[in-house]
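Remarks on the structure that follows.
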Amino acid sequence: MEKTYRYRFYPTLEQETLLRRTIGCVRLVFNKALAARTEAWYSRQERVDYVQTSALLTLWKKEDDLQFLNEVSCVPLQQTLRHLQSAFTNFFAGRAKYPNFKKKRNGGSAEFTKSAFRWKHGQVYLAKCSEPLSIRWSRHLPKGCEPTTITVKLEPSGRWFVSLRIDDPTDKRLQPVDKSVGLDVGISSLVTLSTGEKIANPKGFDKYYHKLTKAQKTLTRRKKDSRNRDKARLKVARIQAKICDSRIDHLHKLTTRLVRENQTIVVEDLAVKNMVKNPKLARAISDASWGEFVRQLEYKAKWYGRTLVKIDRWFPSSKRCGNCGHVVERLPLNVRSWNCPNCGTHHDRDINAAQNILAVGHTVTVCGASVRPDGHKSKGQLRKTVQGKKQKPKS
Ligand SMILES: [Zn+2]
């Protein structure tokens, strides 16, 4: 099974210079190739593919003013063209937006495949570096595993990370259990479970947010292209990194717990970007980073032999009474609890939704993906993901 282990590392001065230059070249090649592909399409309606951009790279390396491209490892430059290719594949398949140009202030990354690094005595030697990377090994790689690909990443906050991709042959499947759970994105809480449990954001989250807003205000007041603006930007990036760390850590603990405790987990397949448009929801949803949450559940379910079921996002999980199936017309976002006009049951909005999601998930696992929930006029289809395997929606 393919896994990625991520560590912080501290480059030497020499390594930092080389890596910054490599990342700069990666950015340049990516942007030039993207410009070439865009131009070819808009002015001549021609499609440029990976092979052609690769040929372009060979030409660029011969140009006088681009000689510096030869001073870094060629592997990350080739890899970025491959990444651009998959960005276009995703765009043409309707899964992603048109690729954007890379910006220096967003940091960047460089991917090294087997031929561009050495793995010796548990140390990483990158191409053109004499010393190994000084990695902070926060946890061990699985026994006998060697990295197949290494990605070096520079964050906007200035921190360096290295990701090691490995093939782990160990079977981590757990004993089956008979519990299952439905999850709903909370508005007031992060996630609500069908058991009635509500999970809050990590501690100290609001404090960081307060700091972030202040730092962002300072940033907007600073003059463009000034030294102070760079400083302010770094400060914002550092706070954002802290928020991101605490969120990811929180999500990892939560997803591991949910996957260990339950055989089947049912979630709504939300299009996060659609939800973020609603300003009231924006904070809760983007904080919760539902996409990352589902991604973690997906791969952990696969590791541990559990089932993740994703149900259609247009299923009226909040508006449907879990007791009698009555669907109310309207349920504004500020309504935290309500009484069913048909059977009189009192519902907590989020818990009722999570229970509905679980109920639909059961129908899906028992009867297959084509079944619609009982009787109501849902427009969407149900999608089923078994142990992380994605099935395309029927069109
Ligand atoms: Zn009812």
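Ligands are counted one by one from 1 in listed order, and the atoms in each one are counted from 1 as well.
In this structure, CZ on R173 lies 11.5 Å from CD on Q175, to the nearest 0.5 angstrom.
Residue F92 is not grouped with residue Y42 when hydrophobic side chains (ILVMFWY) are merged at heavy-atom distances under 4.5 angstrom, including chains of intermediate members.
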Would you be so kind as to tabulate the donor-acceptor pairs closer than 3.5 Å made by side chains of residues 147-159, with sequence neighbours excluded?
unit_1	atom_1	unit_2	atom_2	d
T148	OG1	R165	O	3.2
E155	OE1	S157	OG	3.2
E155	OE1	R159	NE	3.0
E155	OE1	R159	NH2	3.0
R159	NH1	D245	OD2	3.0
R159	NH2	D245	OD1	3.4
R159	NH2	D245	OD2	3.2

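A salt bridge links E298 to K310: at least one charged side-chain nitrogen sits closer than 4.0 Å to a carboxylate oxygen.
Shown here is R44, whose CZ atom has more than 12 heavy atoms of other residues, nucleotides or ligands within 6.0 Å.
Protein N, O or S atom count below 2.8 Å of the Zn ion (ligand 1): the structure gives 4.
Within the cation-pi definition used here (under 6.0 Å to the ring centroid, within 45° of the axis), R247 does not qualify as a partner of Y208.
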